[in-house]
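To find a chain, count down the sequence lines: A is the first, B the second, and so on, and within it residues start at 1. If you're wondering where the values come from, they're calculated on a predicted model, not measured in any experiment. Side chains are part of it too, since the values below use all heavy atoms of this structure and drop only hydrogens, waters and symmetry mates.
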Number of protein chains: 2
Amino acid sequence: MLKLTKKADYGLMAMKHLAEHADHGSCSAKDVAEAYGIPQEALAKILQRLAKVGLVRSQHGMNGGYTLTRDPKTISAFEVIKAIDGPLFITSCITLRGECDQSDRCTIREPLRKVNESIEQVLKNIKISQMKEEPEVIRVHNQDRNQADKPGTRKPADLVTIS
Amino acid sequence: MLKLTKKADYGLMAMKHLAEHADHGSCSAKDVAEAYGIPQEALAKILQRLAKVGLVRSQHGMNGGYTLTRDPKTISAFEVIKAIDGPLFITSCITLRGECDQSDRCTIREPLRKVNESIEQVLKNIKISQMKEEPEVIRVHNQDRNQADKPGTRKPADLVTIS
DNA sequence: GAGAATGCCGACCTTTATAGTCGGACAAAA
DNA sequence: TTTTGTCCGACTATAAAGGTCGGCATTCTC
């Protein structure tokens, strides 16, 4: 539950790979697939979607392949995931129209919407470039506002503060 | 993607309902189901799982039903979700054994694990009691409703800071 | 220009997880 | 003891995800 789809997973791996090999020209889907043991056709389809939204550029023909269109520092995990799996909603209550399937008697919608936003934010703060290297680099700042006001409880989510 | 299952949704609604009606004795699955338009048997199964992990107590026979076993202030959304949908892993890379299905060539595992932890934290910080009432209690800072509805004004992060 | 390597696209199949249903077991009340 | 309302666990459809296949277009190499 609350799982990222494998497609999104693959997509992130591919983006990371492209980021690492940006200087060696383009990488074919086959290259990437073999590098990580991903089924080639599956990955091709994913890269196509990334190409469609402009995150990568595709090059036909021999020695073709894919290259990033932007600096990996400016590409967030959220963008990649959204491109592949569509908009992110934690629950079916939260739709594009903001409506709840289950009558409006559902009162947990609002709290969950906040959670949803939080998760989005976490993903937005992680950039592809930060995935290249391991732990040290990723530092999402703790959005701290007066958060020390509740005693005891909250030492919470310094979201993704890896340091 | 990254969706909470409907079961988890239902479970949260039910918990909230029980929390609200704690003083009126126990609520039957039927009561709750009718209150929110949820299929009765589906909800029953969910309540069973919550009973199994001890979040609610079940009472057979006439005038039976379910009651919370703990103060709703001490029950987090995370507990409920975990009880229903099992352990929460954002990606298949992150398993109980900490292994990656895809060979160990996968290098995005570590960053995603952090994201996973962040999400867990967010959910752990939301308590059932805080879902009872609407916005006032769950207070995400810097979040004005009117502003939230305006398309275009993208509000900053503010991860569910409950105070 | 022919052929090979590569990306592109759509349709299909398999597997898995989700949503929902059914009949029975249990406990309390009449 | 019978009745009634409830919980319980196995079962079945439906949908979604993951992966596969074949045909076509484009570009490079020879």
Student: From the list C/dT6, D/dG5, C/dA5, which nucleotide is the closest neighbour of the side chain of B/M62?
Tutor: D/dG5
Student: Base, sugar-phosphate or nothing for B/A29? Non-hydrogen atoms, less than 4.0 Å.
Tutor: sugar-phosphate
Student: Please report the distance, rounded to the nearest Å, between CG in B/L50 and C1' in D/dC7.
Tutor: 14 Å
Student: Go through the structure and list residues passing salt bridge (charged side-chain N to carboxylate O under 4.0 Å, His left out) with B/R70, not counting sequence neighbours.
Tutor: B/E79
Student: Write down the distance between CG (A/L43) and P (D/dG18), rounded to a whole number of angstrom.
Tutor: 13 Å
Student: Write down the distance between NZ (B/K7) and C1' (D/dA15), rounded to a whole number of angstrom.
Tutor: 14 Å
Student: Between A/T69 (side chain only) and A/L55 (backbone N and O only), is there a donor and an acceptor less than 3.5 Å apart?
Tutor: yes
Student: Check the distance between C/dT14's P and A/K6's NZ and give it to me in whole angstrom.
Tutor: 18 Å
Student: Please check the phosphate of C/dT6 (OP1 and OP2 only) for any side-chain N or O of A/Y66 closer than 4.0 Å.
Tutor: no
Student: Is A/N125 reaching over with its side chain to a backbone N or O of A/V122, donor-acceptor style, under 3.5 angstrom?
Tutor: no
Student: Just N and O in the side chain of A/Y10: are any of them under 4.0 Å from OP1 or OP2 of D/dG18?
Tutor: no
Student: Please give me the minimum heavy-atom distance between A/P39 and A/A33, naming the atom from each residue.
Tutor: C-CB, 4.4 Å
Student: Under 4.0 Å: is that the gap between some side-chain N or O of B/Q59 and OP1 or OP2 of C/dA28?
Tutor: yes
Student: On DNA chain D, check which nucleotide each of A/N63 and A/A42 is closest to and give me the residue with the more 5' one.
Tutor: A/A42
Student: What's the closest nucleotide to the side chain of A/P39 if the choices are D/dT4, D/dG19, C/dT21?
Tutor: D/dG19
Student: Show the numbers, then the answer: is there a side chain to side chain contact (heavy atoms under 4.5 Å, CB included) between A/I84 and A/L50?
Tutor: CA-CA 7 Å; A/I84 295 172; A/L50 293 176; 4.0 Å; yes
Student: May I ask you to verify whether the side chain of A/K45 and the base of D/dG19 hold a donor-acceptor pair under 3.5 Å?
Tutor: yes
Student: Quick one: is B/S58 getting a side-chain N or O under 4.0 Å of the D/dC8 phosphate, OP1 or OP2?
Tutor: yes
Student: Which one, D/dG5, D/dC7, D/dT29, comes nearest to the side chain of B/H60?
Tutor: D/dC7
